[in-house]
Amino acid sequence: MQKSSPAGLRPGRRELVMAMGAAALGAALPGRAGAAAEEIAVGVVLPLSGANAQFGINSRQGLELAADEINAAGGIKALGGARLKLIVADSTSQPTSAATVAQRLITQNRCVALIGAYASSLTLAVSEVTERRGIPLLTMSFSDMLTERGFKHIYQVVSKGSVLGKAQYDYAAAVVAGADRIKKIAILYEDTAYGTSQAAGIRDAARAAGADVVLDEAYPLGITDVTPLINKLRASDAQIVFPVSYLNDSLLIIRVMRQQKITLPVVGGAAGYVIPDFAKALGQYAQAVLSIAPANYDQKPEYTERYRKRFGTFMPHEALEHAVCLGVLASALEAAGSGKQDALSQALRSHTFDQGWAGVMSGGGVKFDAKGLNTLAQPVMVQWQDNELVSVWPQALAKGKLI
């Protein structure tokens, strides 16, 4: 009598099923010897609900555009044409939620890397999870703390917050009044990781230039009444104001300033000051407002205009930089020829990424130092002109004249 097969499978049928299972497992594990991956799972953590939802939506759209283009061009050729599969999770706007969804992406979806999470407070929480698991995390968040903790698996494609803050002041001194004429400044900033890092850069640059910081005011994220802040600004005798805030706060600050006929030059701190919704909500109040930005769409229109065509608006910097993150990851996968953590991390740290979407960053590309900070990143000053953001400084990056 023939012995029955395990699980009730006939001889031959059992071997076929086992072979199919092994092939499927190989396809799910990029870099496995002898198996071509059909898909590479990339985890994305973004605030798709809550106060920062619009930033998260913009970021997701940038990632979707880049992923579609990379896949249409043949995917990751070093891995048999593997396609990038974005697995997007809503962090809400709460750090605890961000950490929870990051853990789920790693354990349930076997992502080779994570991208996110826009807001620095969210990214700090996610980075604790990815660092413990040895998973690369690519981010465009600003906080200095992200790359100052000795973590080995975080990659920050933009300038850190203090560098952006220094540029925010230095560029303003060059184009608004001239460094020898700015004597008194005001800083208004939200008390988050993003706000505090960037305000520190403004503060240090101003003091180094001999300017007095006559108003240095932190406020809680999501403030509902900025009138006390604006009253302090009016009484401060500042010549120029540097606000660092997300969208809702930026709208309140500018609207109340202009309604109270305070016409001080404004140099924003990116985030809420460089999003299409800023101009939509403020109308003429937005015109001529300046801001620092880690990158701007007018630097590489041959790429960014594809976003406008697909989504109907210019490509905000968070969408651009998330596309850069995915472009860098794709190039690193090509260089590594593997999705294994060690090989991917080695590729991220040892290569310069300046092709495709990776080259859209102002500064021409991405090269990570030992801390995971992009050494090529260069901030740009932009100005609202006719509902577009025009790069006006430094001269090497300027695409239009300052109003």
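- Checked by atom type, the side-chain pair Ser362/Gln299 shows no donor-acceptor distance below 3.5 Å.
- Under the 3.5 Å distance criterion, the side-chain polar atoms of Gln287 are matched with a main-chain donor or acceptor of Asp386.
- Under a 3.5 Å cut-off, the side chain of Tyr297 and the backbone N or O of Leu389 do form a donor-acceptor pair.
- Pairs engaging residues 198-238 under the ring pair (Phe, Tyr, Trp, His ring centres under 6.0 Å) rule: none recorded [sequence neighbours left out].
- With contacts defined as side-chain heavy-atom distances shorter than 4.5 Å, the pair Lys399/Val380 does not qualify.
- At distances below 3.5 Å, at least one donor-acceptor pair connects side-chain atoms of Gln385 with backbone N or O atoms of Lys401.
- Listed by first and then second residue, the side chain to side chain donor-acceptor pair (under 3.5 Å) pairs that reach into residues 40-50 are Ser49-Asp90, sequence neighbours excluded.
- Scanning for salt bridge (charged side-chain N to carboxylate O under 4.0 Å, His left out) contacts around Asp212 gives an empty result, with sequence neighbours left out.
- Taking the six-membered ring where tryptophan is involved, the planes of Phe314 and Trp384 are tilted, since the angle between them lies from 30° to 60°.
- A donor-acceptor distance shorter than 3.5 angstrom exists from the side chain of Gln239 to the backbone of Lys184, with no hydrogens or angles considered.
- One side chain, Thr192 or Glu190, offers a donor N or O that lies under 3.5 Å from an acceptor on the other.
- Tyr118 meets the ring-ring contact (aromatic ring centres under 6.0 Å, His included) test with Phe55, Tyr246; sequence neighbours excluded.
- The closest donor-acceptor contact from the side chain of Ser97 to the backbone of Ser93 lies at 3.5 Å or more, if one exists at all.
- Partners of Thr196 under the side chain to side chain contact (heavy atoms under 4.5 Å, CB included) rule, at least two apart in sequence or in another chain, are Tyr189.
- Panel note: side chain Lys77, backbone Ala73; a donor-acceptor pair is recorded below 3.5 Å.
- No donor-acceptor pair under 3.5 Å is formed between the side chain of Ser162 and the backbone N or O of Ser197.
- Looking at heavy atoms from C-beta onward, Thr304 lies in side-chain contact with Leu320 at the 4.5 angstrom threshold.
- No hydrogens or angles considered: a donor-acceptor pair under 3.5 Å links the side chains of Ser245 and Tyr273.
- Applying the salt bridge (Lys or Arg N to Asp or Glu O under 4.0 Å) rule to pairs touching residues 279-292 yields nothing, sequence neighbours excluded.
- Annotation: salt bridge (Lys or Arg N to Asp or Glu O under 4.0 Å) contacts involving residues 290-305, sequence neighbours excluded, comprise Glu305-Arg308.
- The local environment of CG in Asn109 is crowded, with over 12 non-hydrogen atoms from other residues, nucleotides or ligands closer than 6.0 Å.
- Side-chain contact between Phe311 and Glu64: present, with at least one pair of heavy atoms (C-beta onward) separated by less than 4.5 Å.
- With rounding to the nearest 0.5 Å, the separation of CE in Met381 from OG in Ser391 is 11.0 Å.
- Checking each of Phe353, Trp357, Tyr155 against Val328 for a side-chain contact (heavy atoms from CB on, under 4.5 Å) leaves exactly one that passes, namely Phe353.
- Applying the salt bridge (Lys or Arg N to Asp or Glu O under 4.0 Å) test to residues at least two apart or on different chains, the pairs with a partner in residues 121-144 are Glu128-Arg149.
- There is a side-chain donor-acceptor pair under 3.5 Å between Thr123 and Ser141.
- Residues Leu373 and Val158 come closest through the heavy atom pair CD1-O, 3.6 Å.
- In this structure, Arg258 contributes its side chain and Ile262 its backbone to a donor-acceptor pair below 3.5 Å.
- Between the side chain of Gln168 and the backbone N or O of Gly268, at least one donor-acceptor pair lies under 3.5 Å.
- Screening residues 360-382 for salt bridge (Lys or Arg N to Asp or Glu O under 4.0 Å) gives Glu148-Lys371 as the qualifying pairs, with residues at least two apart or on separate chains.
- Not counting sequence neighbours, Lys152 has no partner by the salt bridge (charged side-chain N to carboxylate O under 4.0 Å, His left out) test.
- For Asp354, there are no salt bridge (charged side-chain N to carboxylate O under 4.0 Å, His left out) partners two or more places apart in sequence or in a different chain.
- For Asp204, the side chain to side chain contact (heavy atoms under 4.5 Å, CB included) test picks out no residue, with sequence neighbours left out.
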